[in-house]
Protein chains: 2
Amino acid sequence: MKKNALALNQAATLRGELLNPDCPSRELLKRITSRWTMLVMLALRDNTLRFSEIRRAIGGVSERMLAQTLRYMEEDGLLVRTAYEVVPPHVEYRLTTLGREASEHVLALTDWLENRFPAIQQQRQNAEPRP
Amino acid sequence: MKKNALALNQAATLRGELLNPDCPSRELLKRITSRWTMLVMLALRDNTLRFSEIRRAIGGVSERMLAQTLRYMEEDGLLVRTAYEVVPPHVEYRLTTLGREASEHVLALTDWLENRFPAIQQQRQNAEPRP
DNA sequence: CAGCATCCTAAATGATACTG
DNA sequence: CAGTATCATTTAGGATGCTG
């Protein structure tokens with residue numbers, strides 16, 4: 001076994017099996033970092049919101065995608081859905097502890113991104129096409 | 001303006017414009033949290049690697065997607081590509097400071113995910129279908 | 001209001017063959 | 001080795017109409 005391969009294997013062990021294509025955690029990573037899931041986390045971080053409120057908060061999300069996203073997040077235990085048996089229906093969503101933990105990390109990433117955004121934009125300008 | 005809307009607007013201001021569909025930072029978020037970009041960050045976090053080494057490190061990535069991912073990351077200033085003019089070609093990739101910063105956040109998220117993975121798995125088992 | 005079902009388009013990704 | 005080009009497939013996403 002070569003030196004590099006050893007180093008890589010150790011790293012893979014330390015950080016679990018995300019670099020292994022067969023590990024189910026990779027699928028979960030996709031779900032948690034999917035476009036709408038991250039934005040729902042941001043919207044729900046400080047609030048309990050209803051379906052239509054979330055939809056308004058997140059510009060551009062369709063009913064279909066929002067409903068699907070919320071269902072997945074509920075399945076994964078990231079949020080709880082509370083339906084009041086009234087007419088018209090009233091349904092609230094709030095993050096669980098698990099969801100709040102995840103949202104902290106997502107928020108850290110998005111905050112960083114918005115801070116560094118100008119730097120990246122400029123980088124893109126300067127980026128010369130590869131020879 | 002209603003109370004809830006005000007709260008949402010303040011939050012949106014504080015965290016920039018990610019909840020606004022027209023904000024270019026949303027596009028960048030998609031790029032940074034795309035499946036292969038995150039895994040490349042993990043693979044390159046402690047190493048400078050060649051194209052084929054990255055490909056081996058990340059199970060399941062096709063040449064096409066890896067090449068595209070690396071090009072985007074270079075464009076965004078997340079990594080630098082160093083090509084040695086030899087035959088056969090020798091090209092190395094390493095994270096920039098910007099890329100390393102991003103990788104810290106990604107790593108925090110993936111570490112959390114792998115820690116909590118069992119909890120989420122169990123949650124999924126218990127999850128009863130909605131009435 | 002809070003969805004679900006259906007149909008359809010667009011984007012992401014994969015497989016394969018080829019090249020400097 | 002480090003890619004690119006092309007084609008095929010899968011998946012995400014949107015539009016619309018309908019319902020408890």
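Throughout, a chain's letter reflects where its sequence line sits, starting with A, and its residues are numbered from 1. All values below were derived from every heavy atom in this structure, side-chain atoms included, with hydrogens, water molecules and symmetry-related copies excluded.
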_Over 12 non-hydrogen atoms of neighbours within 6.0 angstrom of CD in B:Q122_ = no
*Taking NZ, NE, NH1 and NH2 as the nitrogens, is one of them in A:R31 or A:E75 under 4.0 Å from a carboxylate oxygen of the other?*
yes
*Could you tell me whether B:R81 and B:E92 make a salt bridge, using a distance below 4.0 angstrom between a side-chain N and a carboxylate O?*
no
For atom [atom1] of [X] and atom [atom2] of [N], their distance in whole Å:
X	N	atom1	atom2	answer
B:R55	C:dG14	CZ	C1'	11 Å
B:L49	D:dG3	CG	C1'	17 Å
A:W36	D:dT11	CH2	C1'	16 Å
A:Y72	C:dC4	OH	P	12 Å
B:L39	C:dA12	CG	P	17 Å
A:M38	D:dA12	CE	C1'	14 Å
A:L66	D:dA12	CG	P	16 Å
B:L70	D:dA2	CG	C1'	11 Å

*Is the distance from OP1 or OP2 of D:dA2 to the nearest side-chain N or O of B:S52 less than 4.0 Å?*
yes
*asked:* If the cut-off is 4.0 Å, is B:R81 near the phosphate of D:dA2, judged by side-chain N/O to OP1 or OP2?
replied: no
*Return the 5'-most residue of the pair B:Q68, A:K30 with respect to DNA chain D, ranking by each residue's nearest nucleotide.*
B:Q68
_I want to confirm an ordering. Mapping A:P88 and A:R64 to their closest nucleotides on DNA chain D, which one lands closer to the 5' end?_
A:R64
*asked:* Closer than 3.5 angstrom, by distance alone: can the side chain of A:R55 be matched with the main-chain N or O of A:V61 as a donor-acceptor pair?
replied: yes
*Please state whether the rings of A:H105 and B:W112 are parallel, tilted or perpendicular, taking 30° and 60° as the class boundaries.*
tilted
*With nearest nucleotides of DNA chain C determined for B:R35 and A:Y93 from heavy-atom distances, which residue corresponds to the more 5′ nucleotide?*
A:Y93
Measuring from the side chain of [X] (C-beta onward, heavy atoms only), which nucleotide among [options] has the closest atom?
X	options	value
A:E63	C:dT6, C:dC1, C:dG3	C:dG3
A:P89	C:dG14, D:dG20, C:dG3	D:dG20
A:M65	D:dC1, D:dG14, D:dG17	D:dG14
B:A67	D:dT4, D:dA2, C:dC7	D:dT4

*Counting any heavy atom closer than 4.0 Å, what does B:R71 reach on the DNA or RNA strands: base, sugar-phosphate only, or nothing?*
sugar-phosphate
